[in-house]
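Everything below concerns the one structure shown next.
Please read these numbers as outputs of a predicted model, since none were measured by experiment. Numbering of ligands and ligand atoms starts at 1, following listing order.
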Amino acid sequence: MPDTQQIVGRFAPSPTGPLHIGSLYTALASYLDARSRQGQWLLRIDDLDTTRNVKGAKEQILKTLEAFGLTWDQSVFYQSQHLDDYYAFLYQLKHQQLLYPCTCSRKTLADSALASENYPGFCRDKTFTETAAHAIRIKTDQRTIAFQDSLQGLITQPLTSHGDFILKRKDQIVAYQFAVVIDDYLQGVNHVVRGVDLLEVTPRQIYLHQVLGLNTPEYMHVPVLVDSQGHKLSKQTLAQAVDAKSPERTIFTLLGLLKQNPPGELENAPINELLDWAQRSWSPGVLKGIVQLPAA
Ligand code: GLU
Ligand code: ZN
């Protein structure tokens with residue numbers, strides 16, 4: 001091992017539709033953060049939620065990233081090809097007596113005033129002899145998770161603010177919260193750059209690192225782009241797919257939105273030149289304190 005650890009970053013889109021400008025914004029930030037420090041940049045496709053996957057979206061995402069010059073290292077990591085890994089870690093946690101089957105229905109939880117935000121532990125004493133359809137939850141304790149986010153500062157959250165959470169859903173789908181922890185470990189990711197909308201769930205992921213004995217990566221949660229109503233751009237708000245016809249213009253605009261102040265003479269520069277410039281002068285600190293940015 002070299003004594004200075006190489007940076008390994010990643011971008012992890014869900015194939016629920018084509019990439020929109022908001023996801024490209026995050027992709028570019030994470031790309032620049034890794035590349036500016038001679039790091040690797042990996043691509044993972046978060047395709048576990050088969051109820052939301054859209055046919056053809058994976059291919060379209062890869063093509064879009066390529067068109068924008070955001071090339072990744074190694075082969076693409078598909079979550080759907082790693083189910084055995086998730087099960088192996090679930091087994092470990094089960095062995096640690098940290099898991100239990102939860103048969104609560106949405107309705108039971110909705111009827112209990114607190115439960116949609118904070119699971120009250122109704123099923124904590126259930127054992128895996130349970131035959132009814134169930135989710136799998138992990139027991140949490142009284143600890144407070146604290147971490148330093150490189151843009152958002154010190155974040156602290158007591159686990160009691162959400163309680164025991166789901167690692168495998170009732171429909172058998174492995175939960176994002178759990179998969180992401182295993183994926184980052186398997187891919188050797190040590191620098192996570194992603195949208196600030198995921199800041200709130202990060203302590204849950206760190207709790208999983210702690211109980212599994214895995215290293216916690218460094219985190220940088222960047223602002224998300226919002227529409228004119230202040231809503232996060234997402235496929236749900238029908239954000240338009242990025243137009244790959246003039247990728248250089250889009251990258252130039254995104255660099256402006258990332259507050260990198262690209263010089264005017266680069267406005268019509270080829271994409272390699274733009275990205276080279278952006279890597280050399282990458283300074284994410286200017287995004288400190290900003291949580292949302294209007295898309296244009
Ligand atoms: N696939 C997740 C999303 O689209 C991102 C996961 C992550 O970056 O940890 O929001
Ligand atoms: Zn339950």
Side-chain angles (χ1 to χ4, degrees), residues 8-20 22-27 29-31 33-34 41-49 52-54 57-58 61 76-80 99-112 114-116 118-128 130 132-139 149 163-170 173-187 189-206 208-209 216-222 224-225 232-236 239:
V8 183
R10 48 70 160 181
F11 176 54
S14 308
T16 52
L19 277 192
H20 57 80
S23 21
L24 199 61
Y25 175 89
T26 315
S30 106
Y31 175 90
D33 201 63
W41 190 64
L42 310 182
L43 179 61
R44 180 177 92 219
I45 300 288
D46 282 1
D47 58 353
L48 283 181
D49 191 346
R52 293 181 61 221
N53 290 345
V54 168
K58 297 178 195 190
I61 289 172
V76 182
F77 181 108
Y78 293 93
Q79 287 187 323
S80 56
L99 304 185
Y100 62 88
C102 168
T103 53
C104 296
S105 65
R106 248 168 238 249
K107 183 166 181 330
T108 321
L109 295 178
D111 288 350
S112 138
L114 253 180
S116 55
N118 188 329
Y119 183 68
F122 291 147
C123 297
R124 260 200 163 195
D125 296 327
K126 290 211 160 99
T127 64
F128 281 99
E130 184 59 59
H134 57 265
I136 296 180
R137 283 187 193 264
I138 184 161
K139 291 182 184 162
D149 184 276
D164 302 346
F165 56 96
I166 290 181
L167 303 191
K168 191 172 169 214
R169 299 173 4 188
K170 215 184 228 178
I173 291 176
V174 174
Y176 155 74
Q177 275 344 321
F178 178 56
V180 62
V181 163
I182 309 307
D183 299 331
D184 286 337
Y185 163 72
L186 292 174
Q187 290 195 287
V189 169
N190 52 26
H191 270 69
V192 172
V193 176
R194 59 186 179 190
V196 73
D197 51 319
L198 290 168
L199 188 65
E200 209 216 321
V201 295
T202 305
R204 271 165 254 203
Q205 297 170 14
I206 296 177
L208 291 172
H209 298 137
T216 292
E218 278 178 37
Y219 291 101
M220 176 158 90
H221 287 88
V222 297
V224 293
L225 292 185
K232 184 196 166 199
L233 298 184
S234 69
K235 287 136 203 162
Q236 287 76 16

Practice prompt. Quick one: look at Tyr176 and ligand 1, take heavy-atom pairs under 4.0 Å, and tell me if it's side chain, backbone, both or neither.
Written response: side chain
Fill in: Side-chain heavy atoms of Leu198 within contact of Tyr176, under 4.5 Å
yes
Discussion item. Please confirm whether Gln205 approaches ligand 1 to less than 4.0 Å, judged on its heavy atoms.
Written reply: no
Worksheet item: For ligand 1, is any non-hydrogen atom under 4.0 Å from His221's backbone (N, CA, C, O), its side chain (CB onward), both, or neither?
Response: neither
Discussion item. How long is the straight-line distance from CG of Asp197 back to NZ of Lys232, given to the nearest 0.5 Å?
Written reply: 3.5 Å
Practice prompt. Could you tell me the angle subtended at the Zn ion (ligand 2) by OH of Tyr119 and SG of Cys123, rounded to 10°?
Written response: 100°
Item to complete: Would you mind running through ligand 1 and noting each atom that sits below 4.0 Å from a heavy atom of Asp46?
Response: 1 (N), 2 (C), 5 (C), 6 (C)
Worksheet item: If you stand at the Zn ion (ligand 2) and look out to SG of Cys104 and SG of Cys102, what angle do those two lines make, to 10°?
Response: 110°
Worksheet entry | Heavy-atom neighbours of Glu130 CD exceed 12 at 6.0 Å | yes
Worksheet item: For ligand 1, which atoms, with element, lie under 4.0 Å from some heavy atom of Val180?
Response: 9 (O)
Worksheet item: Would you call the rings of Phe122 and Tyr119 parallel, tilted or perpendicular if under 30° counts as parallel and over 60° as perpendicular?
Response: perpendicular
Worksheet item: side chain to side chain donor-acceptor pair (under 3.5 Å) with Asp184: which of Arg44, Gln205, His209?
Response: Arg44
Item to complete: Measure the shortest side-chain to side-chain distance between Pro13 and Ile45 over non-hydrogen atoms and say whether it is less than 4.5 angstrom.
Response: yes
Item to complete: Identify, by atom number and element, the atoms of ligand 1 in contact range of Arg194, meaning under 4.0 Å from any of its heavy atoms.
Response: 7 (C), 8 (O), 9 (O)
Worksheet item: Under 3.5 Å, is there a donor-acceptor pair between the Ser23 and Thr26 side chains?
Response: no
Discussion item. List ligand 1 atoms under 4.0 Å from Arg10, heavy atoms only on the residue side.
Written reply: 7 (C), 8 (O), 9 (O)
Discussion item. With nothing but distance in play, are any N or O atoms of Ala12 less than 3.5 Å from an N or O of ligand 1?
Written reply: yes
